[in-house]
Amino acid sequence: MQPRKIDPHDLEQLRASKAGVVLMDVRTPAEFNELRAAGARLMPLDRLDVEVVRAASSVDEPVYVLCRTGGRAETAAQKLCAAGVDAVVVEGGTLAWEAAGLPVKRGRKVMSVERQVRIGAGSLVLIGVLLGWLVYPAFFVLSGFVGAGLVFAGVSGFCGMAYVLGRMPWNQAHVEPGEMLCPARTTGTASPATA
């Protein structure tokens, strides 16, 4: 079952009329610090903790999930829904949020994980072809392996290379504790969406 989706404008209207709406960003800390929807809280996809999300959210309101364009948010929402947490994907992610003219916070520019995956996969394919052509034909297997991984990522929505790259030191950044999604009962605040 696919998670429900919501338009960024509709979500912002909901947030303006209702307290305690949780907006969760599942990108890397570096991407989050570069540009994020105002009021979003960080819970990186590679560290998604269903119990933390469940504790931070309201029983009668879903968790709204976004990433850069929607792919990682969809993966996170599927995992949350499978665990019994009501999750809704923000259509188009942070880029659609910004394009809609909704409030954002900006920081230092970084390279997105999706772009890093394209560079890494392209480099590995090129290296495999060159080594297969110049050194030994068995190196063509490297290019085939990367191609198969890209097909798998496209079909399943899970990209192992993005998962690994998301954990690399250059994709980590300091995020203020109030900008992390954490259970309301352990932070001492009324709601993580209002901090």
Practice item. Report the distance from atom CG of L80 to atom CD of Q78, rounding to the nearest 0.5 Å. Key: 10.5 Å
Practice item. Check step by step if side-chain contact (heavy atoms from CB on, under 4.5 Å) holds for E91 and I6. Key: CA-CA 6 Å; E91 287 184 300; I6 188 168; over 6 Å; no
Exercise for review: Check step by step if side-chain contact (heavy atoms from CB on, under 4.5 Å) holds for D86 and V63.
Suggested key: CA-CA 6 Å; D86 190 9; V63 174; over 6 Å; no
Check your understanding: Should V135 and L124 be counted in the same cluster of Ile, Leu, Val, Met, Phe, Trp and Tyr side chains packed under 4.5 Å apart?
Key -> yes
Review point. Does R68 offer a backbone N or O that forms a donor-acceptor pair with the side chain of E31 under 3.5 Å?
Key: no
Point to revise | Cluster link V146 to V113, ILVMFWY, side chain under 4.5 Å | key: yes
**Study point:** Single-linkage hydrophobic cluster, 4.5 Å side-chain cutoff, V21 and V104 together
**Key:** yes
Point to revise | Residue that, paired with E34, satisfies side chain to side chain donor-acceptor pair (under 3.5 Å) out of R27, K109, R106, K105 | key: K109
Point to revise | Residues R167, D46; criterion salt bridge (charged side-chain N to carboxylate O under 4.0 Å, His left out); working and verdict | key: CA-CA 8 Å; R167 292 183 156 260; D46 65 343; 3.3 Å; yes
Exercise for review: Start with the C-alpha gap between L14 and Y64, add the side-chain angles, then the distance that decides, and say whether side-chain contact (heavy atoms from CB on, under 4.5 Å) holds.
Suggested key: CA-CA 11 Å; L14 178 68; Y64 296 91; 3.1 Å; yes
Study note, to complete from the structure: When every non-hydrogen atom of A83 is compared with those of V50, the smallest separation belongs to CB-CG1, 3.4 Å
Review point. Within a strict 4.5 Å, meaning less than it, do heavy atoms of the L42 and P29 side chains meet?
Key: yes
Review point. Tell me, do L23 and R15 make a side-chain contact under 4.5 Å, heavy atoms counted?
Key: yes
Point to revise | Test item: side-chain donor near acceptor, W97 and E12, under 3.5 Å | key: no
Review point. Taking atom OG of S143 and atom CD1 of I127, what is their separation to the nearest 0.5 Å?
Key: 9.0 Å
Revision key, fill the gap. Tightest non-hydrogen contact, residues V65 and A87, listed as CG2-CB, 4.2 Å
Review point. Any side-chain heavy atom of V88 within less than 4.5 Å of one from P3?
Key: no
Practice item. Take atom CZ of R115 as the centre, draw a 6.0 Å sphere, and report whether it contains more than 12 heavy atoms from other residues, nucleotides or ligands. Key: no
Revision key, fill the gap. OG (S112) and CG (L35) are apart, to the nearest 0.5 Å, by 12.0 Å
Check your understanding: Within a strict 4.5 Å, meaning less than it, do heavy atoms of the M24 and R41 side chains meet?
Key -> no
Review point. If two hydrophobic side chains count as joined below 4.5 Å and joins carry through other members, does V164 share a cluster with V117?
Key: yes
Review point. Of all heavy-atom pairs between D49 and M43, which one has the smallest distance, and what is that distance?
Key: N-SD, 3.8 Å
**Study point:** Co-membership, hydrophobic cluster, residues L45 and M161, 4.5 Å side-chain
**Key:** no
Check your understanding: Once the angle between the rings of F152 and F158 is folded into 0 to 90°, is it parallel (under 30°), tilted (30 to 60°) or perpendicular (over 60°)?
Key -> perpendicular
Check your understanding: Considering only heavy atoms from C-beta outward, does the side chain of E114 approach that of R72 to under 4.5 Å?
Key -> yes
Review point. Taking T94 for the side chain and C67 for the main chain, is one N or O donor matched with an acceptor at less than 3.5 Å?
Key: yes
Check your understanding: If we only count heavy atoms from C-beta on, is the Q116 to W170 side-chain gap below 4.5 Å?
Key -> yes
Review point. Taking the side chain as C-beta and beyond, is there a heavy-atom pair between L102 and H9 under 4.5 Å?
Key: yes
Review point. If only atom types and distance count, is the side chain of E61 paired as donor or acceptor with the main-chain N or O of V22 below 3.5 Å?
Key: no
Check your understanding: Side-chain contact, heavy-atom cut-off 4.5 Å: L66 with L11?
Key -> no
